[in-house]
Student: 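This is the structure I want to talk about, given as structure tokens.
We use all heavy atoms of the structure for the numbers below, so side chains are in, but hydrogens, waters and symmetry mates are not. Here is the naming used below: chain letters follow the sequence lines, and residue numbers restart at 1 for every chain.
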Protein chains: 2
Amino acid sequence: MQSRQPSRRVTMTDVARAADVSPMTVSYTYNRPQRVAAETRDRVLRAAQALGYAGPDPSARSLRYGATRTLGVVLGEHLTYAFDDPQAVAFLAGIAEVCAERGYGLLIVPTGTGEEDPDRVTAAAVDAYVIWTTTADDPVLAAAGSTHRPVVVHSGPDRAGTTVIGIDNRAAARAAGLEVFATARRPAVLSFPVDRRRESFVRSGVDPDTVAYPVTRDRLAGYRDAALDLGLDWSEVPVGVCRTNDVAEARTVMRELFAVAPGIDAVAAMGDTLALAALSETTGPLRVSGWDDSELARDNNLTTVAQSLREQGAACAAAALGESAPDHRDSWRLIRRSSTVGAGTRPAPAVVQRMALPPVTGTTAPEM
Amino acid sequence: MQSRQPSRRVTMTDVARAADVSPMTVSYTYNRPQRVAAETRDRVLRAAQALGYAGPDPSARSLRYGATRTLGVVLGEHLTYAFDDPQAVAFLAGIAEVCAERGYGLLIVPTGTGEEDPDRVTAAAVDAYVIWTTTADDPVLAAAGSTHRPVVVHSGPDRAGTTVIGIDNRAAARAAGLEVFATARRPAVLSFPVDRRRESFVRSGVDPDTVAYPVTRDRLAGYRDAALDLGLDWSEVPVGVCRTNDVAEARTVMRELFAVAPGIDAVAAMGDTLALAALSETTGPLRVSGWDDSELARDNNLTTVAQSLREQGAACAAAALGESAPDHRDSWRLIRRSSTVGAGTRPAPAVVQRMALPPVTGTTAPEM
DNA sequence: CTGTTAGCGCCTTCAG
DNA sequence: CTGAAGGCGCTAACAG
């Protein structure tokens, strides 16, 4: 049985009237219970109970406070795909951890339509943003920046006014490249998409600077560094770009790579899945490295770059909420396994090699 | 370089002044651009740009509208663990999908402290809640209900005033039980925790009605149904309760089960992980069924109950946002594989068997 | 320990 | 096509 009709929502004033106090006393009862006499407090709470008042209205409160105690997260053009990516989920888990600790809500901004995404970012009732890595020209970045709220971007791009947090992808890729290309005569790279069109193709000597996604750009640059270090000619290193991060796609691209450059004997891949697909397509011996140290990598003895997306998520959240030095570069390590160590290549001290870290990258210049 | 000092935040009125129009015209410019002369609109937008105004303040807007266009999600006592559970992640993905479509924000309520959880639920600026299954006495349920906003609970409990969406766990468990116990002499059950204390133990003849978690309760009841159907004595069926959903824990419990009841020859497990742990602990032949049809189940030919948490998440979100019949019971199917079909047990038509579904369960009684 | 006043930033309503 | 008044529900700042 319902009690009242369309029943206007119950407000503090209603409760105040019923308890025969002023609205302020009701407010205090909820916000600083100490400041109210126990008896009065009880009376207020009883009145609230009777009227079905559930506490101060969150929107009104936010308006008054000028803050929402909510952190906004933008997970990329296709929010929905983000949940299929274990790395993105780990990242989100890290954010959630920090939010739960601090009592902040975690608002996932509903992106995916393209068109309206910037407006949705702008219209989100949040105090700060964490943005999953994207291209420099993503309008979502500009939208977040335009709100004058703190913005932390994971792994770049490094726009003015935003903080960037992530590992040094270039250095990590270089380390992986040195390992996987060490004895190679015909090295190749398996890459993530280079821009938002997400096309797959195979081409040699790709210039990292033409790549829109900063993560992809940096890793590519790192592989090139390694190739140069080893005296290899980058212009002859074919790069296979995979449209999506899955086995089928990677296999197709690998076949194209082998067609273009028969005799490929080393593949530096930007993901463990891609790396294993490469292995499954080869007929001859192949040195391979992956990225992320997923369970797959462990199960298949894949050399890989390990990083903690969870920690990076936590760091992003903390930075966005202004509770940590925004100068933060996360750590990574190259895990050497038999996919590069065994098989007639120079044996190696195996296992883990920790890399020293340069200090900082993030900028916090508040405004242009 | 910053332009202004502490700089009070820019408001519509400021923009109005700068553009020499009334605040209402600025409001219209953002909310009903059509209604404003193109020239005026441009002037307003230019003024906004110049002042760094990023559009209407979300909190003020919500206060005025009386709605937030945000859906609240409560993922359980330990928000952080939720991201380690692939099923919970799939559920969240389904919610996110619906939210993204409709342009609703998805607010993850920061639970985990116990103490403050109900307050955090109450104080969330959302229009409706989706709550991941919990116990009937979870204060979070009461808190959500007290706000008079729509509440959808996944898989129960079925509190007055809330809608419940999920599969018929009891029927599914019965089907699985009939399959796995078919030829059994010494059946056993591997269960999730029975209450929020989450203790592990082994005991026979557990009464499902004493179990606090509705999912666990229903599955247990279904296994009991199957046992009774098969003429087995439930009071002699040992139930091993695992504190957590992981291999190590399940193995320990399995060892205890074998100690208490040597010769166990069939195990109905509430999760694929538990099921595989059971297999890894047995020495003799063992029929086993799992739950969720994870990749693990597929790779190991495990008979299992398949369901789509993603679809259930989407259904919960749609129901919470009032855009679907709140009468919804999702489908499941028993997938028979060699973990129950091979090995000297009666062979069977293998593969998939679709089950007919009863219609509804959710109630929408708004209030007691 | 409690009350008064004022206003957070916006948009609905109703006039021009 | 534009504007004036009023109030959404709450709390800071200051009395008393």
Student: If we ignore hydrogens and angles and just use 3.5 Å, is the side chain of B/His148 paired with the main-chain N or O of A/Gly52 as donor and acceptor?
Tutor: yes

Student: Between atom CG in B/Asp14 and atom C1' in C/dC10, what is the gap in whole Å?
Tutor: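 Nearest whole value for this atom pair: 13 Å.
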
Student: Base, sugar-phosphate, or nothing: which does B/Ser59 touch, judged by heavy atoms less than 4.0 Å apart?
Tutor: nothing

Student: What is the distance from atom OG1 of A/Thr13 to atom OH of A/Tyr53, rounded to the nearest 0.5 Å?
Tutor: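 So the OG1 of A/Thr13 and the OH of A/Tyr53 are separated by 8.5 Å.
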
Student: Ignoring backbone atoms, establish whether B/Thr25 has a side-chain N or O less than 4.0 Å from OP1 or OP2 of D/dT2.
Tutor: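 No, no such contact exists.
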
Student: Rounded at 0.5 Å granularity, tell me how far OG1 in A/Thr70 sits from OH in A/Tyr104.
Tutor: 8.5 Å

Student: Calculate the interatomic distance between A/Asp57 atom CG and D/dT11 atom C1'; express it in whole Å.
Tutor: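 Spelled out: CG on A/Asp57 to C1' on D/dT11 is 13 Å.
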
Student: Is A/Asp20 atom CG crowded by more than 12 heavy atoms from other residues, nucleotides or ligands, each under 6.0 Å away?
Tutor: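 No, the 6.0 Å shell around CG holds no more than 12 heavy atoms from other groups.
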
Student: Looking for any heavy atom pair under 4.0 Å, which part of the strands does B/Met12 touch: base, sugar-phosphate only, or nothing?
Tutor: sugar-phosphate

Student: If only side-chain N and O atoms of B/Thr40 are considered, is one of them under 4.0 Å from the OP1 or OP2 phosphate oxygen of D/dT2?
Tutor: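 Yes.
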
Student: Figure out the CE/P separation between A/Met24 and D/dC10, and round it to whole Å.
Tutor: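 Atom CE in A/Met24 sits about 11 Å away from atom P in D/dC10.
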
Student: Mind checking whether B/Arg159 and B/Val153 have side chains closer than 4.5 Å, heavy atoms only?
Tutor: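 No, side chains not in contact.
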
Student: Report yes if a donor N or O on one partner sits less than 3.5 Å from an acceptor N or O on the other, where the partners are the side chain of B/Arg64 and the base of C/dC11; otherwise report no.
Tutor: yes

Student: When all nucleic acid strands are considered with a 4.0 Å heavy-atom cut-off, which category describes B/Tyr65: base, sugar-phosphate, or nothing?
Tutor: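 Sugar-phosphate contact only - B/Tyr65 comes under 4.0 Å of backbone atoms but never of a base.
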
Student: To the nearest 0.5 Å, what is the distance between NE2 on A/His154 and CG on A/Asp330?
Tutor: 7.5 Å

Student: From CG of A/Asp20 over to C1' of C/dG3, roughly how many Å is that when rounded to an integer?
Tutor: 12 Å

Student: Rounded to the nearest angstrom, tell me the gap between atom OH in A/Tyr53 and atom P in D/dG9.
Tutor: 10 Å

Student: Toward the 5' end of DNA chain D, which comes first, A/Asn31 or B/Arg43, by nearest nucleotide?
Tutor: B/Arg43

Student: Tell me the interatomic distance from B/His148, atom NE2, to D/dG9, atom C1', rounded to whole angstroms.
Tutor: 16 Å

Student: May I ask you to evaluate whether A/Thr11 reaches the phosphate of D/dC8, defined as a side-chain N or O under 4.0 Å from OP1 or OP2?
Tutor: no

Student: May I ask you to say what B/Arg32 touches in the nucleic acid, namely base, sugar-phosphate or nothing, with a heavy-atom cut-off under 4.0 Å?
Tutor: sugar-phosphate

Student: Touch check for A/Tyr30, heavy atoms < 4.0 angstrom, all strands: base, sugar-phosphate only, or nothing?
Tutor: nothing

Student: Tell me: CG of A/Leu63 to C1' of C/dG7, nearest whole Å?
Tutor: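 Whole-Å distance recorded here is 9 Å.
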
Student: Give one of base, sugar-phosphate or nothing for A/Arg61, where a contact means two heavy atoms less than 4.0 Å apart.
Tutor: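 Sugar-phosphate contact only.
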
Student: Let me know, please, whether B/Gln34 or B/Ala60 comes out on the 5' side of the other along DNA chain D by nearest nucleotide.
Tutor: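 With B/Gln34 and B/Ala60 compared, the 5'-side residue is B/Gln34.
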
Student: Let me spell it out: for each of B/Arg35 and B/Pro56, pick the nucleotide of DNA chain C with the closest heavy atom. Which residue's pick is nearer the 5' end?
Tutor: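 Of the two residues, B/Pro56 wins.
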
Student: Just the rounded figure in Å: distance from P of C/dC10 to CZ of B/Arg17.
Tutor: 12 Å

Student: Report which part of the nucleic acid B/Ser62 touches: base, sugar-phosphate, or nothing (heavy-atom distance under 4.0 Å, all strands).
Tutor: nothing

